[in-house]
Amino acid sequence: VAKLLRDNGLAAEEKFVVLNPGGNWDKKRWPWENYAALADRLGAIKIRTVITGAEKDIPLAKKIADLSRNKPLIFAGKTSLPETAALMCHSSCVIANDSGPMHIAAACGVPLVTVFGPTSPHFTGPAGSGKARVLHKDVGCPVPCYNEACADIRCMKAVSVDEVFIAVKELLNLK
């Protein structure tokens with residue numbers, strides 16, 4: 001992982017944040033446009049971003065990077081699960097949906113911001129010794145919700161880029 005970071009222009013002492021935009025199913029994913037806007041907000045305060053995920057997440061990662069002016073590094077499909085864990089443990093913070101990688105970040109003890117929508121953070125939220133912020137809004141739908149036909153995913157859209165950005169800044173003690 002150190003070599004991968006170095007080969008992609010990240011210095012050993014440079015802060016970076018991991019974005020893990022994937023999820024087991026689409027309804028549990030914070031909108032990809034929000035991840036792009038967040039990457040730009042982080043870039044404005046000189047924090048680089050790295051997008052992780054499985055090989056199936058490469059198109060999603062590319063959409064985020066293409067929309068972002070900050071041009072996050074794309075490591076989706078380039079790391080094994082143990083390497084992803086090492087990358088997360090080396091990062092300054094991880095932003096993820098309710099997903100397996102969110103649990104890896106929590107287990108690493110790295111600062112974590114996680115966005116929940118149709119699933120309950122009480123049942124599947126992060127555990128571990130690290131600092132975690134769970135962002136979840138009550139939008140009037142039952143939780144958990146497994147409505148695969150839901151067209152608006154207002155539960156995921158209810159969490160704003162500003163809220164995630166503020167949570168990251170608080171966890172990293174940035175003004």
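Numbers here simply count residues along the sequence, with the first being 1.
Although no hydrogens or angles enter the test, the distance criterion places no donor-acceptor pair under 3.5 Å between the side chain of Asn70 and the main chain of Pro72. One N or O on the side chain of Arg29 and one on the backbone of Gly23 form a donor-acceptor pair closer than 3.5 Å. In this structure a side-chain-to-backbone donor-acceptor pair under 3.5 Å is missing from Asn34 to Trp30.
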Please output the side-chain donor-acceptor pairs of residues 49-63 that fall under 3.5 Å, not counting sequence neighbours, one pair per line with the distance.
from  : atom 1 : to    : atom 2 : distance (Å)
Thr52 : OG1    : Asn20 : ND2    : 2.7
Asp57 : OD2    : Ala54 : N      : 2.9

Give the table of side-chain donor-acceptor pairs shorter than 3.5 Å for residues 74-82, with sequence neighbours excluded, one pair per line with atom names and distance.
from  : atom 1 : to    : atom 2 : distance (Å)
Lys78 : NZ     : Ile74 : O      : 3.1
Thr79 : OG1    : Thr84 : OG1    : 2.7
Ser80 : OG     : Glu83 : N      : 3.2
Ser80 : OG     : Glu83 : OE1    : 3.3

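Side-chain contact check for Pro101 versus Met88: some heavy-atom pair is nearer than 4.5 Å. You'll find the side chain of Cys155 reaches within 4.5 Å of the side chain of Pro118, heavy atoms only. Contact annotation: the side chain of Ile95 approaches that of Val164 to within less than 4.5 Å [non-hydrogen atoms, C-beta and beyond]. Using a 4.5 Å heavy-atom threshold, the side chains of Val94 and Pro111 count as separate. The shortest side-chain heavy-atom distance between Leu38 and Val17 does not fall under the 4.5 Å cut-off. Side-chain contact check for Arg133 versus Thr114: every heavy-atom pair is 4.5 Å or farther apart. Looking only at side-chain heavy atoms (C-beta outward), Lys157 and Pro31 come within less than 4.5 Å of each other. Side-chain contact between Asn97 and Met156 is present, with heavy atoms from C-beta onward closer than 4.5 Å.
The disulfide (SG to SG under 2.5 Å) contacts involving residues 3-98 comprise Cys89-Cys108, where partners must be two or more places apart or lie in separate chains. The disulfide (SG to SG under 2.5 Å) contacts involving residues 14-67 comprise nothing, where partners must be two or more places apart or lie in separate chains. Here ring-ring contact (aromatic ring centres under 6.0 Å, His included) pairs that include residues 99-123, with residues two or more places apart or in two chains, number zero. For residues 1-41, no pair satisfies disulfide (SG to SG under 2.5 Å), with sequence neighbours left out.
Applying the ring pair (Phe, Tyr, Trp, His ring centres under 6.0 Å) rule to His90 yields the partners Phe16; only residues at least two apart in sequence or on another chain are considered. Shown here are the side chain to side chain donor-acceptor pair (under 3.5 Å) partners of Lys3, two or more places apart in sequence or in another chain: Asp7. Remark: Lys27 pairs with no residue by the salt bridge (charged side-chain N to carboxylate O under 4.0 Å, His left out) rule, at least two apart or across chains. Among residues two or more places apart in sequence or in another chain, the side chain to side chain contact (heavy atoms under 4.5 Å, CB included) test is passed with Asp152 by Cys150, Arg154. Every residue two or more places apart in sequence or in another chain that forms a salt bridge (charged side-chain N to carboxylate O under 4.0 Å, His left out) with Glu163 is listed here: Lys137. Residues passing the ring pair (Phe, Tyr, Trp, His ring centres under 6.0 Å) test with Phe165: none are found, sequence neighbours excluded.
Put simply, CD on Glu170 and CD1 on Ile166 are 7.0 Å apart, with the number rounded to the nearest 0.5 Å. Within the model, atoms CD1 of Ile153 and CG of Asp26 stand 8.0 Å from one another, a figure rounded to the nearest 0.5 Å. Residue Leu42 holds its CG atom at 7.0 Å from CG of Leu19, rounded to the nearest 0.5 Å. Between the CD1 atom of Ile64 and the CD atom of Glu33 there is a distance of 9.0 Å, given to the nearest 0.5 Å.
Placement of Val168 and Val159 within a single hydrophobic cluster is found when ILVMFWY residues are connected by side-chain heavy-atom separations under 4.5 Å, directly or transitively. If you chain together hydrophobic residues whose side chains sit under 4.5 Å apart, Leu135 and Val139 never meet in one group. One hydrophobic cluster, built from ILVMFWY side chains closer than 4.5 Å, cannot hold both Leu172 and Leu112; they sit in different ones. A chain of hydrophobic side-chain contacts below 4.5 Å, direct or via other Ile, Leu, Val, Met, Phe, Trp or Tyr residues, connects Leu174 to Val161. Residue Val18 is grouped with residue Val134 when hydrophobic side chains (ILVMFWY) are merged at heavy-atom distances under 4.5 angstrom, including chains of intermediate members.
Tested against Ser92 for a side-chain contact (heavy atoms from CB on, under 4.5 Å), the candidates Lys15, Arg48, Glu14 yield a single pass: Lys15.
Between His136 and Gly117, the closest heavy-atom pair is NE2-O, 3.1 Å.
Salt-bridge check for Asp66 with Lys71: failed, with every basic side-chain N at 4.0 Å or more from each acidic carboxylate O.
Residues Asp40 and Tyr35 have side chains that never bring a donor and an acceptor to within less than 3.5 angstrom of each other.
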For Leu5 and Leu87: C-alpha separation, side-chain torsions, deciding distance, then whether side-chain contact (heavy atoms from CB on, under 4.5 Å) applies.
CA-CA 9 Å; Leu5 291 168; Leu87 181 68; 3.7 Å; yes

